[in-house]
Amino acid sequence: SLSGLYRTADERFVQLHCNFPHHAEGAARRLGVAQERPAFEAAILNWGAEDLEAALIGDGMIGAAYRTMEQWNDHSHAHAVANLPVATTTMLAPGRPNETRSSPDRPLHGVKVVDCSRVLAGPVAGSVLANLGADVIRVGAAHLPHVEICVIATGPGKRNVFLDLRTENDRTQFVTLLRDADVVVDAFRPGALEQYGFGPDEIAAISPTTSVVQVSAFDWVGPWAGRRGFDSIVQTTTGIAMTGAEMADSESPVHLPVQALDYATGLFAAAAAIRSIHRGRTVGGSVGTKLSLIRTRNWLVGLSAPKSFTPGTVIPAPDQLQSIDSDFGEVELVRPFAGSWPWGPKLLGSSEPSWA
């Protein structure tokens, strides 16, 4: 209830992201009020939009000032990322081709993927790879918060393990997974795996045949390199939501009707993983690929001028749906790209950290 839009003292808007408990606690601490919506609204009316944004980011929290497209285009970080491609690939380690047999209906059969992600682009990438036949193990930790609906929506076909990389034993188990993995999807906040010695170069040293696909919000270059964020935060910061207000003739910002940046980036990341797998089979070695929500944003904005639309519910046809048993009970899901889901979403931490 604390997430969303707030008016500021300079007659602008800010967006707070309080979906995780520690984000709500941090925002309340910065504002000096209780975790109640009216208290937040009153306190934020004493702040300038960009001042509060800077304060929250400095605290390690998530917040964003709404900017127009023109305001964003003048920003130094916009200049830094303006000409980046959707994906950047670099060589990690050479090696011999790794031939793996697959089947037409499950083209990634035999491929092993370590999915280090929570919300939402990374989990989408992992779910696409699982659907195409890869053995996907999602790695998280019991002490980290999560969004259950995201786990349900992106969990089919995956196994879920808990590893606490703060402990030597679990780091050793993680290394065991890496040694046999074809791909690591790293969509944790920038630097999260690196702090434990599992950056792309370190992973390549452990396993020269393991490629790494990294996903972040604001990328790795520019003044905001490594800044934390989510789809809606990027929309807020970079002018998309204010453009939506203009298109809808609204006084308040209007976001895209879906998390388009997350889903598109997740699909791009899955494609990058597939390309790295193909390269490993035909050329050998491993590669590192970087993608970000802000790169996808630039690609999306560059497609065409915005067009008016009427938001509405999209109801899939019955043959587009699949009901399946899961650890959360029976769930109904949109069918995947190929065939059907082999099993439903599993509870986090319910699997063993092993490829067996």
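Source: prediction; values computed, not measured.
Atom OG1 of Thr172 is separated from atom CG of Leu177 by 11.5 Å, given to the nearest 0.5 angstrom. Summarising the geometry, atom CD1 belonging to Ile294 is positioned 12.5 Å from atom CD1 belonging to Ile233; distances are rounded to the nearest 0.5 Å. Asp180 contributes atom CG, which lies 9.0 Å from atom OG of Ser354 (distance to the nearest 0.5 angstrom). Between the CH2 atom of Trp224 and the OG atom of Ser76 there is a distance of 8.0 Å, given to the nearest 0.5 Å. To the nearest 0.5 Å, the span separating OG on Ser340 from CD on Gln322 amounts to 4.5 Å. Note that CZ of Arg189 and CZ of Arg118 are 9.0 Å apart. Values are rounded to the nearest 0.5 Å.
Checked against Val215 for a side-chain contact (heavy atoms from CB on, under 4.5 Å), the options Val124, Thr265, Asp186, Asp262 give a single hit: Thr265. Evaluated for a salt bridge (Lys or Arg N to Asp or Glu O under 4.0 Å) with Asp135, the options Arg159, Lys112, Arg106 yield exactly one hit, Arg159. A ring-ring contact (aromatic ring centres under 6.0 Å, His included) with His255 is found for exactly one of Phe13, Tyr66, Phe230, namely Tyr66.
Between Leu92 and Ala204, the shortest heavy-atom contact is CB-CB, 3.9 Å. Annotation for Val334 and Pro316: closest pair CG2-CG, 4.1 Å, computed over non-hydrogen atoms. Listed here is the closest heavy atom pair of Arg297 and Val234: CB-CG1, 4.3 Å. Taking each heavy atom of Ser252 and Ser250 in turn, the nearest pair found is O-OG, 2.9 Å. Considering every non-hydrogen atom in both Ser117 and Ala187, the closest pair reads CB-CB, 3.7 Å. The heavy-atom pair separating Val221 from His77 by the smallest distance is O-CE1, 2.9 Å.
Side chains of Ile206 and Arg179 form a contact here, defined as non-hydrogen atoms less than 4.5 Å apart. Between Leu291 and Thr296 there is no side-chain heavy-atom pair separated by less than 4.5 Å. Taking 4.5 Å as the limit, some side-chain heavy atom of Trp341 sits within range of a side-chain heavy atom of Ser127. Cys116 is listed as a side-chain neighbour of Val114, based on a closest heavy-atom distance under 4.5 Å. Taking 4.5 Å as the limit, some side-chain heavy atom of Val113 sits within range of a side-chain heavy atom of Val185. The side-chain heavy atoms of Ile44 and Arg7, taken from C-beta on, include no pair separated by under 4.5 Å. Looking only at side-chain heavy atoms (C-beta outward), Thr210 and Asp182 stay at 4.5 Å or farther from each other. Counting only heavy atoms from C-beta outward, the side chains of Met61 and Ile57 never approach each other to under 4.5 Å.
Phe218 and Trp299 fall within the same hydrophobic cluster, defined by Ile, Leu, Val, Met, Phe, Trp and Tyr side-chain heavy atoms under 4.5 Å apart, directly or through other members. A single hydrophobic cluster is not seen to contain both Val254 and Leu261; linkage of ILVMFWY side chains at heavy-atom distances under 4.5 Å, directly or through other members, places them apart. In terms of hydrophobic clustering, with Ile, Leu, Val, Met, Phe, Trp and Tyr side chains grouped at heavy-atom distances under 4.5 Å, Trp220 and Leu193 are assigned to different clusters. In the hydrophobic cluster analysis, where Ile, Leu, Val, Met, Phe, Trp and Tyr join through side-chain heavy atoms closer than 4.5 angstrom, Leu165 is grouped together with Val139. Linking ILVMFWY residues whenever their side-chain heavy atoms come closer than 4.5 Å, directly or via other members, leaves Leu303 and Met247 in distinct clusters.
Under the 4.0 Å criterion applied to side-chain N and carboxylate O atoms, Arg12 and Glu50 are assigned as salt-bridge partners. Salt-bridge formation is detected for the pair Glu53/Arg67: a Lys NZ or Arg NE/NH1/NH2 atom is positioned less than 4.0 Å from an Asp or Glu carboxylate oxygen. Between Asp327 and Lys346 there is no salt bridge, since none of the side-chain N atoms of the basic residue sits less than 4.0 Å from a carboxylate O of the acidic one.
Defined by atom type and a distance below 3.5 Å, a donor-acceptor pair is present between the side-chain atoms of Asp10 and Thr8. When only modelled atom types and interatomic distance are considered, Ser232 and Gln15 share a side-chain donor-acceptor pair under 3.5 Å. Residues Ser351 and Asn160 have side chains that never bring a donor and an acceptor to within less than 3.5 angstrom of each other.
Looking only at distances, no side-chain donor or acceptor of Glu332 sits under 3.5 Å from a matching main-chain atom of Leu321. Using modelled atom types, no side-chain atom of Arg227 and backbone atom of Ala217 make a donor-acceptor pair closer than 3.5 Å. Using modelled atom types, no side-chain atom of Gln259 and backbone atom of Leu120 make a donor-acceptor pair closer than 3.5 Å. Panel note: side chain Asn73, backbone Met69; a donor-acceptor pair is recorded below 3.5 Å. Distance alone, capped at 3.5 Å, is enough to place a donor-acceptor pair between the Asn298 side chain and the Val81 backbone.
By the neighbour-count criterion of 12 heavy atoms within 6.0 Å, atom CD1 of Ile315 is sparsely surrounded, having that number or fewer from other residues, nucleotides or ligands. Open room surrounds CD on Glu251; 12 or fewer heavy atoms of other groups in view lie less than 6.0 Å from it. Crowding of Gln320 atom CD: a count of heavy atoms from other residues, nucleotides or ligands under 6.0 Å exceeding 12. Taking a 6.0 Å sphere around OH of Tyr263, one finds it holds 12 or fewer heavy atoms contributed by other residues, nucleotides or ligands.
Geometrically, Arg37 engages Tyr6 in a cation-pi contact defined by less than 6.0 Å to the ring centre and at most 45° from the axis.
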Would you tabulate the side-chain donor-acceptor contacts of residues 267-281 under 3.5 Å, counting partners in other chains and residues two or more places apart, or write 'none'?
from	atom 1	to	atom 2	distance (Å)
Ser276	OG	Ala273	O	2.7
Arg279	NH1	Gly284	O	2.9

List, one per line, each side-chain donor-acceptor pair under 3.5 Å for residues 140-158, sequence neighbours excluded.
from	atom 1	to	atom 2	distance (Å)
His143	ND1	Arg166	NH2	3.2
Thr154	OG1	Cys150	O	2.7
Lys158	NZ	Asp115	OD2	2.8
Lys158	NZ	Pro123	O	2.9
Lys158	NZ	Thr154	O	3.1

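Using bins of under 30°, 30° to 60° and over 60° for the plane-to-plane angle, the ring pair Trp72/His75 lands in the parallel bin.
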Practice task
Would you sort out whether Arg96 and Thr209 count as a side-chain contact (heavy atoms from CB on, under 4.5 Å), showing the intermediate values?
Solution key: CA-CA 9 Å; Arg96 296 179 179 179; Thr209 58; over 6 Å; no

Handout entry: Stepwise side-chain contact (heavy atoms from CB on, under 4.5 Å) test for Asp219 and Arg295
Key = CA-CA 8 Å; Asp219 215 81; Arg295 295 188 192 209; 2.6 Å; yes

Exercise for the section: In sequence, state the C-alpha distance, the side-chain angles, and the governing distance for Ser216 and Leu293, and then conclude on side-chain contact (heavy atoms from CB on, under 4.5 Å). Expected result: CA-CA 6 Å; Ser216 71; Leu293 300 185; over 6 Å; no

Exercise for the section: Start with the C-alpha gap between Val183 and Val212, add the side-chain angles, then the distance that decides, and say whether side-chain contact (heavy atoms from CB on, under 4.5 Å) holds. Expected result: CA-CA 6 Å; Val183 177; Val212 181; over 6 Å; no

